Trainee: 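Can you keep this structure in mind? I'll have questions shortly.
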Amino acid sequence: MMVDHRVTDSSAKANAPSDEGEIVYVPYASEFQMPDIMRLMKADLSEPYSIYTYRYFIHNWPELCIMVNNSPRMKLHELKYVGAIVCKLELHNYNVRRGYIAMLAVDKNYRKKKIGSTLVKKSIQQMVANGCDQVVLETEVTNHAALNLYENLGFVRDKYLHQYYLNGVDAYRLKLWLKDPLSS
């Protein structure tokens with residue numbers, strides 16, 4: 001039996017700004033935000049992504065890039081972003097709409113506030129709105145915080161990837177089924 005893992009959230013659509021105190025979730029809107037996205041990811045992720053990697057995801061799927069700032073009353077180019085998620089959604093094997101979480105990072109001073117899980121939930125909501133069947137990602141086997149976050153949201157370990165990252169660390173591919181693959 002397939003369990004429905006759709007993520008619900010009391011706030012509005014994933015791509016609409018929402019305010020949780022001084023924490024505001026906003027969609028990607030401008031190249032002015034790119035340095036902050038790169039700063040956040042560089043601080044947390046082991047892979048050395050080039051600006052072209054960021055642009056590939058963000059320019060092709062801007063609605064799947066959600067950012068978090070802590071200064072809701074500042075102008076766009078003055079904001080300090082404290083979290084971001086970068087994703088994509090494509091057809092996989094000709095019949096499955098697969099979402100992919102490429103990057104997720106939260107500033108260390110803003111952790112333990114559910115920002116990471118909220119970013120994942122909001123991106124999945126946006127993917128579901130676009131017909132997503134499943135979501136996948138990779139994370140280092142040593143990243144216990146990420147494994148806990150994703151597994152608490154219903155992701156399962158789908159595959160072990162030996163020396164997946166450039167630093168030689170192994171990874172798990174995690175998968176979240178949103179629709180029963182046998183029902184289509």
Side-chain angles (χ1 to χ4, degrees), residues 2-18 24-34 36-38 40-41 44-45 47 49-69 81 83-106 114-140 143 146-147 149-159 161 164-165 171-184:
M2 190 68 178
V3 177
D4 186 2
H5 288 293
R6 292 192 191 150
V7 181
T8 59
D9 189 307
S10 59
S11 63
K13 291 176 68 175
N15 61 348
S18 63
V24 181
Y25 297 84
V26 296
Y28 176 81
S30 165
E31 188 75 14
F32 284 117
Q33 296 164 310
M34 189 69 71
D36 279 306
I37 295 171
M38 293 175 68
L40 287 162
M41 300 306 169
D44 281 357
L45 304 181
E47 295 291 280
Y49 297 113
S50 76
I51 192 165
Y52 302 108
T53 303
Y54 293 100
R55 285 185 174 145
Y56 165 75
F57 286 101
I58 295 168
H59 291 184
N60 287 307
W61 300 275
E63 73 282 5
L64 296 178
C65 178
I66 304 169
M67 303 180 67
V68 181
N69 72 61
Y81 291 96
I85 190 166
V86 176
C87 309
K88 71 176 183 173
L89 177 61
E90 293 184 311
L91 199 58
H92 177 74
N93 289 338
Y94 303 105
N95 63 348
V96 175
R97 291 193 49 84
R98 177 186 272 184
Y100 180 70
I101 298 175
M103 304 171 210
L104 170 67
V106 176
K114 303 284 184 196
I115 293 171
S117 59
T118 301
L119 282 167
V120 174
K121 289 175 185 179
K122 286 180 176 292
S123 67
I124 291 172
Q125 286 173 338
Q126 188 65 29
M127 290 179 202
V128 167
N130 288 295
C132 185
D133 298 308
Q134 61 182 237
V135 182
V136 298
L137 63 104
E138 292 85 25
T139 190
E140 293 183 0
N143 191 342
L147 289 168
L149 181 149
Y150 291 116
E151 289 173 349
N152 285 336
L153 292 173
F155 285 82
V156 297
R157 297 176 191 191
D158 184 54
K159 191 173 188 178
L161 305 165
Y164 181 77
Y165 291 102
Y172 286 116
R173 175 162 300 130
L174 302 179
K175 189 177 286 188
L176 175 69
W177 285 270
L178 300 169
K179 297 179 182 175
D180 185 345
L182 300 177
S183 67
S184 43

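Predicted, not measured: the structure shown is a model, and the values here were computed from it. In this chain, residues are counted from 1 in sequence order. Because only heavy atoms are used, hydrogens play no part in the values below, and waters and symmetry mates are left out as well, while side chains stay in.
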Trainee: Kindly compute the distance separating CZ (Arg173) from CG (Asp158), expressed to the nearest 0.5 Å.
Mentor: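 Between Arg173 CZ and Asp158 CG, I get 7.0 Å after rounding to 0.5 Å.
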Trainee: If you measure from the Lys or Arg side-chain nitrogens to the Asp or Glu carboxylate oxygens, is any gap between Glu151 and Arg157 under 4.0 Å?
Mentor: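 Yes, this pair counts.
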Trainee: For the residue pair Glu63 and Ile66, what are the closest heavy atoms and their distance?
Mentor: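 Where Glu63 meets Ile66 most closely, the heavy atoms are O-CG1, 4.5 Å.
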Trainee: Can you confirm whether Val120 sits close enough to Leu149 that some side-chain heavy atom of one is under 4.5 Å from a side-chain heavy atom of the other?
Mentor: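 Yes, their side chains come closer than 4.5 Å.
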Trainee: Less than 4.5 Å apart, side chain to side chain, heavy atoms only: is that true for Met41 and Val86?
Mentor: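 A side-chain contact under 4.5 Å exists here.
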Trainee: With rounding to the nearest 0.5 angstrom, report the CD to OH distance, Glu47 to Tyr164.
Mentor: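 Output value for this atom pair is 7.5 Å.
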Trainee: Hey, does Leu64 have a side-chain heavy atom less than 4.5 Å from the side chain of Tyr100?
Mentor: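 With C-beta onward as the side chain, the pair stays apart.
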Trainee: Which distance, rounded to the nearest 0.5 Å, do you find between the CD1 of Ile58 and the OG1 of Thr53?
Mentor: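 Those atoms lie 10.5 Å apart.
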Trainee: In this structure, which one of Met127, Lys175, Glu90 forms a side-chain contact (heavy atoms from CB on, under 4.5 Å) with Arg98?
Mentor: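 Only one of Met127, Lys175, Glu90 forms a side-chain contact (heavy atoms from CB on, under 4.5 Å) with Arg98, namely Lys175.
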Trainee: Judged by atom type as modelled, is there a donor-acceptor pair below 3.5 Å linking the side chain of Tyr28 to the main-chain atoms of Ser30?
Mentor: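 Side chain of Tyr28 to backbone of Ser30: a pair is present.
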Trainee: Give, for atom CG of Leu147 and atom CG of Leu174, the distance between the pair rounded to the nearest 0.5 Å.
Mentor: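 It is 6.0 Å, given to the nearest 0.5 Å.
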Trainee: If you look at every heavy atom in His59 and Pro62, which pair is closest and at what distance?
Mentor: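 Of all heavy-atom pairs spanning His59 and Pro62, the closest is O-CD, 3.7 Å.
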Trainee: In Å, rounded to the nearest 0.5 Å, how long is the span from CG of Leu176 to CG of Leu137?
Mentor: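 Between atom CG of Leu176 and atom CG of Leu137 there are 9.5 Å.
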Trainee: For Trp61 and Leu89, which heavy atoms make the closest approach, and how far apart are they?
Mentor: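 It is NE1-O, 3.0 Å.
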Trainee: Is the shortest heavy-atom distance from the side chain of Met103 to the side chain of Phe57 under 4.5 Å?
Mentor: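 Contact flag for Met103/Phe57 side chains = yes.
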Trainee: Please give me the minimum heavy-atom distance between Cys132 and Gly99, naming the atom from each residue.
Mentor: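 Where Cys132 meets Gly99 most closely, the heavy atoms are SG-N, 3.5 Å.
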Trainee: Under a 4.5 Å cut-off applied to non-hydrogen side-chain atoms, are Asn95 and Asp133 in contact?
Mentor: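 Sidechains of Asp133 and Asn95: no contact.
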Trainee: Please examine the side chains of Ile37 and Cys65, heavy atoms only from C-beta on, and report whether any two atoms are closer than 4.5 Å.
Mentor: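 Touching, per the 4.5 Å side-chain cut-off.
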Trainee: Is there a side-chain contact between Phe155 and Thr139 (heavy atoms, below 4.5 Å)?
Mentor: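 Contact flag for Phe155/Thr139 side chains = no.
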Trainee: Any idea which heavy atoms bring Ser117 and Lys114 closest together, and the distance?
Mentor: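 Closest approach of Ser117 to Lys114, heavy atoms only: OG-O, 3.3 Å.
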Trainee: Return the CD1 to CE distance between Ile51 and Met38, rounded to the nearest 0.5 Å.
Mentor: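 So the CD1 of Ile51 and the CE of Met38 are separated by 4.5 Å.
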Trainee: Output, in order, the C-alpha distance, side-chain angles, deciding distance and verdict of side-chain contact (heavy atoms from CB on, under 4.5 Å) for Lys179 and Arg97.
Mentor: CA-CA 10 Å; Lys179 297 179 182 175; Arg97 291 193 49 84; over 6 Å; no
Trainee: Compute whether any side-chain donor of one residue and acceptor of the other, for Tyr165 and Glu140, lie under 3.5 angstrom apart.
Mentor: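 Result is no, nothing qualifies.
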